[in-house]
Structures are given as C-alpha cells and as structure tokens.
Amino acid sequence: LKSAQMMALFAQLDPDPVIRLNKFGEILETNQAAQSVFPDFPLIGKRISDLVPTLNLPENSVINSETKNITQKIGEKYFSILYRGDSSLNLAQLYFRDITELKKYEEALLDYQFKLKNLSERLHDLIEEERRRISSGLHDGIGQSLSLLRIKLLRLQEESNCPAPEQYEDLVTNMEDIIRELKEITYSLKPRLLEEMG
C-alpha cells in the first residue's frame with residue numbers, strides 16, 4: 001500500500017501531464033499538469049477518446065500490456081503521448097510531453113529546406129543562362145569573326161604573289177587552331193541538361 005501511495009504521489013508531482021484510465025477508457029485520475037492541458041472541464045469520468053481522438057484504444061474492455069506513442073495537437077500545443085497499458089491491473093496511463101517547440105523547429109526546418117531548394121534551382125538556372133550567353137557570344141561573335149579572318153587570309157594568299165607563303169600558311173594554321181579551341185570551349189559550355197537527358 002505504501003509503495004502504491006508513493007507511485008501515486010510520484011505521478012502527482014510529475015511536471016508533465018499524466019492521466020490514468022480504466023478498462024473502459026474512462027479517466028480515473030490525473031495530476032495537476034494534466035488538468036492544465038484541458039482546463040475547460042473536469043477530467044475524472046470523461047472518456048479519453050473525447051479528448052484524444054487519435055488514440056485508438058481496444059473496444060473490448062480489456063487493457064493489454066502494450067505501449068504506443070502518438071502525436072496530438074491539443075489547443076495551440078503539440079504533445080507526444082505515450083500510452084502504457086498494464087493487463088495485471090487492468091489500467092493504463094497516458095504520459096504527455098509538450099513538443100510544441102520541437103514542432104516549430106521542424107516546421108521552420110522544412111520551410112528553410114524548401115527555400116534552399118528554390119534558391120538552389122534558381123542559382124542553377126542563372127548559371128545555365130550565363131553559360132548559354134557566353135557560349136552564344138563565343139560561337140556567334142568571336143567564332144564568326146575568326147572564320148571570316150581565316151577566309152580573308154586564304155583569299156589574300158591566293159590573290160597576291162606574296163614573298164613568304166609559309167608565313168601565310170602559319171597564320172592560317174594558327175587561325176584554325178584558335179577556331180578549334182573556341183569550338184571546344186563552346187562545346188564544354190553546353191547546358192548540363194543535354195549531358196543528362198541527351
């Protein structure tokens with residue numbers, strides 16, 4: 001009896017809400033913290049399913065020795081509720097833990113992850129757009145000018161009797177090397193989507 005009284009006192013002094021149930025799911029006993037969670041009406045004799053609808057208790061009026069954990073929003077707060085049944089006493093206890101701050105952090109974390117994903121996608125789009133712009137500028141601007149210059153050098157070499165044809169050939173070869181390098185740079189700047197999707 002003394003041990004039972006000590007256990008009852010321990011539950012009464014617990015800063016977290018504790019509720020004891022009978023085999024019908026009715027509240028037999030609560031501590032002061034539990035009453036503060038449900039301040040609008042007396043709890044003794046109430047059915048727990050009216051207060052915590054997500055807690056699915058067996059309807060066969062037998063309490064099994066089992067443990068389960070659920071999360072429930074009550075008012076403006078979130079609680080982690082631990083259900084512990086004791087078949088030998090045909091009683092169950094609910095232990096409430098306020099996890100409102102944890103839920104706020106989780107929601108903020110999800111929000112930051114969403115924003116980070118959007119920012120990453122936007123940054124990727126900007127990088128791809130800049131690569132396209134540079135590639136287009138190199139190919140359409142400088143590439144075309146170098147090709148035109150090469151053609152003019154070849155034409156000049158054909159039209160005039162130049163005293164040093166080797167120098168013209170060296171210039172044309174250098175020009176072709178520059179054009180080839182420019183094509184390689186332009187190719188390397190192609191969008192990544194082409195590499196991934198083909």
Side-chain angles (χ1 to χ4, degrees), residues 10-21 25-27 29-43 46-59 63-87 91-143 181-198:
F10 182 72
Q12 286 297 325
L13 296 176
D14 193 335
D16 288 327
V18 178
I19 294 177
R20 184 169 294 140
L21 308 173
E26 296 170 344
I27 298 173
E29 204 175 337
T30 68
N31 65 359
Q32 191 63 36
Q35 191 61 53
S36 67
V37 174
F38 305 98
D40 298 333
F41 45 84
L43 296 177
K46 276 278 205 199
R47 289 191 52 79
I48 194 64
S49 58
D50 296 336
L51 304 173
V52 185
T54 55
L55 183 66
N56 297 321
L57 296 177
E59 305 231 350
I63 291 184
N64 299 321
S65 293
E66 64 176 329
T67 301
K68 55 182 158 183
N69 201 349
I70 64 164
T71 300
Q72 174 78 40
K73 185 176 183 183
I74 301 171
E76 295 298 314
K77 294 186 175 184
Y78 286 93
F79 289 92
S80 172
I81 304 172
L82 177 67
Y83 169 88
R84 281 210 173 134
D86 188 335
S87 59
L91 294 173
Q93 285 206 156
L94 298 176
Y95 301 91
F96 290 68
R97 176 69 48 122
D98 187 351
I99 57 167
T100 306
E101 290 300 314
L102 179 63
K103 277 290 190 186
K104 286 180 184 175
Y105 290 136
E106 285 176 357
E107 289 170 5
L109 181 63
L110 288 174
D111 185 46
Y112 291 140
Q113 286 175 338
F114 177 74
K115 287 178 180 175
L116 184 62
K117 182 178 179 246
N118 286 343
L119 183 62
S120 175
E121 288 174 359
R122 176 70 180 133
L123 183 61
H124 179 72
D125 290 345
L126 287 173
I127 289 171
E128 288 299 320
E129 186 180 317
E130 189 64 15
R131 287 167 69 115
R132 270 194 305 272
R133 189 186 67 75
I134 292 170
S135 176
S136 176
L138 289 175
H139 180 269
D140 297 340
I142 298 172
E181 285 180 32
L182 188 62
K183 283 182 180 177
E184 289 173 5
I185 292 170
T186 305
Y187 180 78
S188 70
L189 288 172
K190 71 182 180 296
R192 287 187 185 152
L193 192 62
L194 290 178
E195 291 178 9
E196 294 167 5
M197 304 293 287

Handout entry: Over all atoms of both residues, closest heavy-atom pair of Ala33 and Asp16
Key = CB-C, 3.7 Å

Handout entry: Separation between CD of Gln72 and OG of Ser80, rounded to the nearest 0.5 Å
Key = 11.5 Å

Completion exercise
Rounded to the nearest 0.5 angstrom, the CG-CG distance for Leu91 and Leu21 is 8.5 Å

Exercise for the section: Look only at the side chain of Thr30 and the backbone of Gln35, and say whether a donor-acceptor pair between them is shorter than 3.5 Å. Expected result: no

Completion exercise
Minimal heavy-atom distance between Ala34 and Val18, with the atoms involved, is CB-O, 3.6 Å

Handout entry: Any side-chain heavy-atom pair of Ile27 and Leu51 under 4.5 Å
Key = yes

Practice task
With side-chain contact (heavy atoms from CB on, under 4.5 Å) as the test, would you mind laying out the steps for Val52 and Ile70 before giving the verdict?
Solution key: CA-CA 10 Å; Val52 185; Ile70 64 164; 3.7 Å; yes

Completion exercise
Separation between OG (Ser49) and CD (Glu26), nearest 0.5 Å, reads 9.5 Å

Exercise for the section: To the nearest 0.5 Å, tell me how far Lys73 NZ sits from Thr54 OG1. Expected result: 13.5 Å

Fill in the blank from the handout: For Glu76 and Thr100, the nearest pair of non-hydrogen atoms, with its separation, is O-CG2, 4.1 Å

Completion exercise
The reported gap from CZ in Phe38 to CZ in Phe96 (rounded to nearest 0.5 angstrom) is 4.5 Å

Practice task
Check whether any side-chain heavy atom of Phe79 sits under 4.5 Å from a side-chain heavy atom of Val37, and report yes or no.
Solution key: yes

Handout entry: Under 3.5 Å donor-acceptor, Thr67 side chain and Arg84 backbone
Key = no

Exercise for the section: Could you grab the distance from atom CD of Glu29 to atom CG of Leu43, nearest 0.5 Å is fine? Expected result: 12.0 Å

Problem - 4.5 Å side-chain heavy-atom contact, Asn31 and Ile19 - result: no

Practice task
Taking the side chain as every heavy atom from C-beta outward, state whether Glu101 and Ile99 have any pair of such atoms under 4.5 Å apart.
Solution key: no

Problem - Salt-bridge contact Arg132-Glu129 (side-chain N to carboxylate O under 4.0 Å) - result: no

Exercise for the section: May I ask you to decide whether Lys104 forms a salt bridge with Glu107, counting only side-chain N to carboxylate O separations under 4.0 Å? Expected result: no

Handout entry: Check: Thr71 and Lys103 side chains under 4.5 Å, non-hydrogen atoms
Key = yes

